[in-house]
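Down below is the structure, laid out as structure tokens.
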Amino acid sequence: MAFTLRSVKVPPNSASLEEARHRVFDFFRAACRSIPTVMDIYNLDDVVTKSHLRSAISAEIRKNLHVTNPKVIDMLLFKGMEELNNIREHAKQRHHIIGQYVVGNHGLVQDLGAKEKDMSDFLKSFYKSNYF
């Protein structure tokens, strides 16, 4: 398989927190604009909606809401752009996308009820404390 080797451009460092904030919004817009393409590439129409993916992107961005250092924000933006570029160029497989952005850390909702029916209290607390 031959991939086109397009490197992600490293933007210059943000001069202020406000400039970094604007770059985050620009990245979010670019990621949301690529959702239809990603859904076509990975055939995700039967698994997830566009609004759910948009929510997943915003949740990933909001994870780092507490960061106030512009250099750290620039580094996180670079990592996000790299991830988006890998997804667009089909460097990931469908199950990677579903596992990271559709199912997430919570697992499948329909599986939770079936697992907990025959489980002891010890196992429930064990699994709850050891799942990230």
Side-chain angles (χ1 to χ4, degrees):
M1 236 189 277
F3 288 105
T4 57
L5 210 60
R6 280 187 272 161
S7 62
V8 177
K9 294 180 184 176
V10 178
N13 288 337
S14 299
S16 66
L17 185 61
E18 190 64 29
E19 184 181 346
R21 185 174 173 264
H22 285 293
R23 287 184 183 190
V24 170
F25 287 135
D26 291 340
F27 170 72
F28 179 73
R29 283 188 206 101
C32 287
R33 286 185 185 127
S34 66
I35 287 176
T37 306
V38 169
M39 288 189 69
D40 287 341
I41 291 172
Y42 293 100
N43 195 19
L44 296 175
D45 292 319
D46 58 337
V47 179
V48 69
T49 61
K50 293 175 186 174
S51 64
H52 186 276
L53 283 179
R54 201 174 306 115
S55 298
I57 293 169
S58 66
E60 288 292 321
I61 291 174
R62 286 189 180 123
K63 277 184 188 176
N64 299 306
L65 189 64
H66 64 280
V67 178
T68 57
N69 186 348
K71 289 184 180 183
V72 174
I73 293 172
D74 289 339
M75 185 265 314
L76 291 170
L77 271 175
F78 177 76
K79 290 173 84 176
M81 288 186 291
E82 196 173 32
E83 177 78 10
L84 183 61
N85 193 27
N86 285 340
I87 290 172
R88 278 192 209 144
E89 290 187 358
H90 211 291
K92 293 187 172 218
Q93 294 182 3
R94 184 174 190 255
H95 68 277
H96 294 138
I97 303 299
I98 292 172
Q100 280 183 311
Y101 302 108
V102 177
V103 176
N105 295 334
H106 306 293
L108 290 173
V109 175
Q110 63 262 24
D111 287 346
L112 290 178
K115 286 181 185 176
E116 294 181 3
K117 285 182 182 176
D118 299 328
M119 228 186 281
S120 68
D121 290 335
F122 170 76
L123 283 178
K124 287 180 188 177
S125 65
F126 177 78
Y127 287 141
K128 187 181 286 186
S129 67
N130 288 314
Y131 280 155
F132 299 109

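- Within the model, atoms CE of M39 and CD1 of I41 stand 12.0 Å from one another, a figure rounded to the nearest 0.5 Å.
- Partners of Y42 by ring pair (Phe, Tyr, Trp, His ring centres under 6.0 Å), not counting sequence neighbours, listed by chain and number: H90.
- Contact check on D26 versus R29 returns a salt bridge, with a Lys/Arg side-chain nitrogen under 4.0 Å from an Asp/Glu carboxylate oxygen.
- A distance of 12.0 Å separates CD1 of I87 from OG1 of T37, quoted to the nearest 0.5 Å.
- Across every non-hydrogen atom of R23 and N13, the tightest pair is NH1-C, 4.1 Å.
- Listed by first and then second residue, the salt bridge (charged side-chain N to carboxylate O under 4.0 Å, His left out) pairs involving residues 43-56 are D46-R94 (not counting sequence neighbours).
- Under the 30°/60° scheme for interplanar angles, the aromatic rings of H22 and F25 are found to stand perpendicular.
- Residue E60 holds its CD atom at 12.0 Å from CZ of F28, rounded to the nearest 0.5 Å.
- Under the side-chain contact (heavy atoms from CB on, under 4.5 Å) rule, N85 has a single partner from M81, E82, E83, E89, which is E89.
- Between L17 and I73 the shortest side-chain heavy-atom distance falls below 4.5 Å.
- Taking both residues in full, the closest heavy atoms of A20 and L77 are given as O-CD1, 4.3 Å, listed atom of the first, atom of the second, then distance.
- Under the 4.5 Å side-chain criterion, counting only non-hydrogen atoms from C-beta, I61 is in contact with F27.
- For the residue pair L84 and S34, the shortest heavy atom distance occurs at CD1-OG, 3.4 Å.
- When all heavy atoms are compared, the tightest approach of S14 to P70 is O-CB, 4.0 Å.
- Within the 4.5 Å cutoff, side-chain heavy atoms of I35 are placed close to those of I57.
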